[in-house]
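Some notes on the structure that comes next.
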Number of protein chains: 2
Amino acid sequence: MFSKACEYGIKAAIFIAINSYENRRVSPKAIAQEINSPQAFTAKILQELVRNNIVNSVKGAYGGFEIEQTNIKNIKLSQIVKAIDGDKIYNGCGLGLEKCDETHPCPVHDKFKDIRDNLKYMLEHTSLDELAMSIQAGESFFKT
Amino acid sequence: MFSKACEYGIKAAIFIAINSYENRRVSPKAIAQEINSPQAFTAKILQELVRNNIVNSVKGAYGGFEIEQTNIKNIKLSQIVKAIDGDKIYNGCGLGLEKCDETHPCPVHDKFKDIRDNLKYMLEHTSLDELAMSIQAGESFFKT
DNA sequence: TTTATTTCGGATAATTTTATCCTATTTATA
DNA sequence: TATAAATAGGATAAAATTATCCGAAATAAA
Ligand code: FES
Ligand code: FES
């Protein structure tokens with residue numbers, strides 16, 4: 001469904017959000033440990049999130065990654081997925097046609113579109129904030 | 001969503017179904033041309049479908065791939081997807097946890113599970129027959 | 001039985017994704 | 001200003017996916 005990079009990116013963003021609520025910046029090392037991901041690869045993904053203005057990075061001593069507290073509620077899963085995996089998952093054809101087109105649909109278009117639209121809606125209506133809360137409440141987990 | 005291999009596999013199966021209704025066997029070459037896929041790679045995927053008893057192969061002159069007419073209605077998309085991509089798409093965790101587990105869920109579990117279950121339901125209730133019909137009726141297409 | 005046809009299957013290559021390593025750059029503080 | 005701490009980013013490497021090639025095996029028909 002999502003690429004590994006995207007899975008890491010989502011988890012990393014949640015972890016950064018949690019720490020930003022506590023006014024703490026976090027390092028790629030701390031993130032990778034917490035979410036159980038390869039550190040250097042995770043760092044690359046963080047760069048991508050920074051480029052997309054989803055997280056903020058502060059270089060130098062006492063630096064790290066953070067998200068503006070007031071933004072955490074506004075950031076939606078869809079932004080992260082789009083930043084890392086692009087929007088093929090929202091617009092792409094289920095059978096790989098170059099373009100998903102109502103007027104020239106693939107055999108599964110009608111059925112696939114429903115699923116895809118549900119997914120899109122879900123991602124667009126799920127905020128980083130609520131995911132962070134569920135982790136903090138101990139209701140969900142980053143690793144097995 | 002699906003791998004390229006799976007996309008080709010689904011399209012190939014539909015094309016074989018159509019031809020089987022007309023009592024014609026088809027070759028990897030004909031399939032690849034029709035569904036716009038690399039021939040040799042498509043042949044590999046066909047082997048996988050044969051191993052999973054989804055399509056039947058007949059070697060030698062006048063051979064080719066076919067599906068028993070009476071089976072076409074019974075074959076569901078889910079069988080093809082499972083044969084090629086496995087069942088990670090039905091059971092796998094959206095954030096890559098080793099195992100999707102209600103009692104130890106990842107942050108997106110609740111929301112992801114709904115989507116995933118919808119997809120599973122759709123795949124399990126979509127038959128090769130109906131997809132073949134929509135192609136034959138000119139209502140859907142294999143290529144752009 | 002020979003021949004032409006066709007799938008099967010192993011080996012290999014190309015591409016993409018995932019992952020690692022090392023150095024440059026930035027920045028707060030001493 | 002010097003130093004230590006941190007992210008940025010380029011160069012590779014490893015692994016997985018996608019794709020190609022070719023000979024072996026099977027089969028129908030001449
Ligand atoms: S054309 Fe294939 S999903 Fe829309
Ligand atoms: S645990 Fe992640 S989707 Fe169920």
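Here is how names work: the chains are called A, B, and so on, in the same order as the sequence lines, proteins then strands, and each is numbered from 1. As the structure is a computational prediction, the values presented were derived from the model and not from experiment.
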Rounded to whole Å, please give me the gap between [atom1] in [X] and [atom2] in [N].
X: A:Tyr8; N: C:dT17; atom1: OH; atom2: C1'; answer: 11 Å
X: A:Asn56; N: D:dA6; atom1: CG; atom2: P; answer: 17 Å
X: A:Lys59; N: C:dT27; atom1: NZ; atom2: C1'; answer: 9 Å

| message | Quick check: on DNA chain C, is the nucleotide nearest B:Phe65 upstream (toward 5') of the one nearest B:Ala61, or the reverse? Name the residue that is more 5'. | response |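 Result: B:Ala61.
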| message | For A:Phe41 and B:Leu46, find the nucleotide of DNA chain C closest to each by heavy atoms; which residue's nucleotide sits nearer the 5' end? | response |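 That would be B:Leu46.
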| task | Pick base, sugar-phosphate or nothing for A:Val26, based on heavy-atom distances below 4.0 Å to the nucleic acid. | result |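 Sugar-phosphate only.
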| How is B:Arg25 classified with respect to the nucleic acid when contacts are heavy atoms under 4.0 Å: base, sugar-phosphate, or nothing? |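 No contact.
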| query | Taking the side chain of A:Val50 as its heavy atoms from C-beta onward, which of D:dG9, D:dC21, D:dA8 lies nearest to it? | reply |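 For the A:Val50 side chain, the nearest candidate turns out to be D:dA8.
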| task | Compare the minimum distances between each of D:dG9, C:dA28, D:dA28 and the side chain of B:Tyr62, then state the nucleotide with the smallest one. | result |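 Given the options D:dG9, C:dA28, D:dA28, the side chain of B:Tyr62 is closest to D:dA28.
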| request: Using only heavy-atom distances, determine whether the side chains of B:Tyr90 and B:Asp117 contain a donor-acceptor pair under 3.5 Å. | output: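 No, no side-chain donor-acceptor pair sits under 3.5 Å.
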| query | Is the shortest side-chain N/O distance from B:Ser27 to OP1 or OP2 of C:dT7 below 4.0 Å? | reply |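 Answer no for this pair, as no side-chain N or O of B:Ser27 is under 4.0 Å from OP1 or OP2.
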| Does B:Gln39 place a side-chain N or O at less than 4.0 Å from the phosphate oxygens OP1/OP2 of D:dA19? |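 No, outside the criterion.
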| field | B:Val55 reachable from B:Ile84 in the ILVMFWY side-chain graph, under 4.5 Å edges | value |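 They do share one cluster, since a chain of ILVMFWY contacts under 4.5 Å joins B:Ile84 to B:Val55.
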| task | Assign the ring pair B:Phe142 / B:Phe15 to parallel, tilted or perpendicular, where the plane angle (0 to 90°) is split at 30° and 60°. | result |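 B:Phe142 and B:Phe15: perpendicular rings.
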